J.: 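Sharing a structure below in structure tokens format, with a few things to ask.
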Amino acid sequence: MGISEAMLNQALSQSFFQRDTVLVARELLGKHLVCRMPEHAQPIVCKIVETEAYTQDDPACHAYAGPKGRGLTLYKQPGLSYVYFIYGMYHCLNVVTEPEGRAGAVLFRALEPVQLPAEVTLNTKGPGRLCKALGITKAEHNEILLTEETSPLYLMEGEPVADDEVITTTRIGISLAQDYPWRFYIPGNPWVSIKAKPNVISAKSKI
DNA sequence: GTCGCGATTTGCT
DNA sequence: GCAAATCGCGACA
């Protein structure tokens, strides 16, 4: 089962992102990320299997200090990408949420490749690895609209994920606001990053 | 399997 | 100057 052209031409609208950040993070699970890479004729399609939410009032959020510096991007229009460079070697991909003027973002932590060119393999398990695999950089992919099919990177509908099929835990790799239950993932999916032992807040799924 | 550590740049103090 | 929304590797169990 491939991804049809009709599906590829239906990017998620700005209104999807112009909502509560935690809700958007949860609802992005199962959605598809489309990536047009210069070296491949066919677009690469990946399913989102793990996300984290970051909000304006969240000490761990880059926008916590206010609309200045790199956090300024998070106050801009919903649906915009936010790519930052970390640990001297990795990029992380986010999408801006909430109405313009209020900050919020969802970090993409893991993807499952669902449509790849032949003989291509990607390691999209982890926020740094997925950016490396898809060639996402701050220079080329920061502050681009993920709501436009013409973008090198955009979001579209995917496979619905029921509320009771989602695991909620604390976030990975941060020292501030460690107790916020704002990480979401699809249980049992082999592409979910494991690392550390997050505090599982809810796991209604029948594994 | 888990644990600890170092790499290497950016941006804010 | 230093901590960071990470990862790969080697040691050990």
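Note that the structure is a prediction, hence the values are computed from the model and not measured. Chain letters run A, B, ... following the sequence lines, proteins first and then strands; every chain starts at 1.
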J.: Is it true that Thr73(A) and Glu143(A) share a donor-acceptor pair across their side chains at a distance under 3.5 Å?
T.: yes
J.: In residues 68-91 of chain A, what residues come within less than 4.0 Å of DNA chain B, judged by heavy atoms?
T.: Gly69(A), Arg70(A), Phe85(A), Tyr87(A), Gly88(A), Met89(A)
J.: Taking the six-membered ring for Trp, are Tyr54(A) and His62(A) ring centroids under 6.0 Å apart?
T.: no
J.: Could you spell out the base pairing of DNA chain C as a dot-bracket line? Use Watson-Crick and G-U wobble contacts where both distances are under 3.5 Å, [ ] for crossing pairs, | for partners on a different strand.
T.: ||||.|||||||.
J.: What is the distance from CD1 of Ile172(A) to P of dC7(C), rounded to the nearest Å?
T.: 10 Å
J.: Grab the two heavy atoms, one from Cys46(A) and one from Pro113(A), that are nearest each other, plus how far apart they are.
T.: SG-CA, 3.8 Å
J.: From CG of Leu130(A) over to C1' of dC7(C), roughly how many Å is that when rounded to an integer?
T.: 13 Å
J.: Locate the shortest heavy-atom distance separating Gly135(A) from His141(A); write the atom from each residue and the value.
T.: O-NE2, 3.3 Å
J.: If the cut-off is 4.0 Å, is Ser175(A) near the phosphate of dA4(C), judged by side-chain N/O to OP1 or OP2?
T.: yes
J.: Could you tell me the separation between the OH atom of Tyr54(A) and the C1' atom of dA4(C), rounded to a whole number of Å?
T.: 11 Å
J.: In whole angstrom, what separates Leu176(A)'s CG from dA5(C)'s C1'?
T.: 11 Å
J.: Whole angstrom is fine here: how far is it from CG in Asp58(A) over to P in dA5(C)?
T.: 10 Å
J.: Could you tell me the separation between the CZ atom of Arg129(A) and the P atom of dC9(C), rounded to a whole number of Å?
T.: 11 Å
J.: Linking I/L/V/M/F/W/Y whenever any side-chain heavy atoms sit under 4.5 Å apart, do Leu111(A) and Leu12(A) land together?
T.: yes
J.: May I ask you to evaluate whether Arg109(A) reaches the phosphate of dT6(C), defined as a side-chain N or O under 4.0 Å from OP1 or OP2?
T.: yes
J.: May I have the distance from Phe108(A) (atom CZ) to dA5(C) (atom P), rounded to whole angstrom?
T.: 18 Å
J.: How many Å lie between CG on Asp179(A) and C1' on dA5(C), as a whole number?
T.: 16 Å
J.: Identify whether the distance between the nearest side-chain nitrogen and carboxylate oxygen of Lys76(A) and Glu100(A) falls below 4.0 Å.
T.: no
J.: Less than 4.0 Å between a side-chain N and a carboxylate O, is that true for Arg171(A) and Glu52(A)?
T.: no
J.: Tell me, please, whether Phe16(A) has Arg19(A) positioned over its six-membered ring: NZ or CZ under 6.0 Å from the ring centre and within 45 degrees of its axis?
T.: yes
J.: To check you understand the geometry: which heavy-atom pair defines the closest contact between Glu50(A) and Ser193(A), and what is its length?
T.: OE1-N, 2.8 Å
J.: With a 4.0 Å cutoff (strictly under), does any side-chain N or O of Lys125(A) reach OP1 or OP2 of dT6(C)?
T.: no
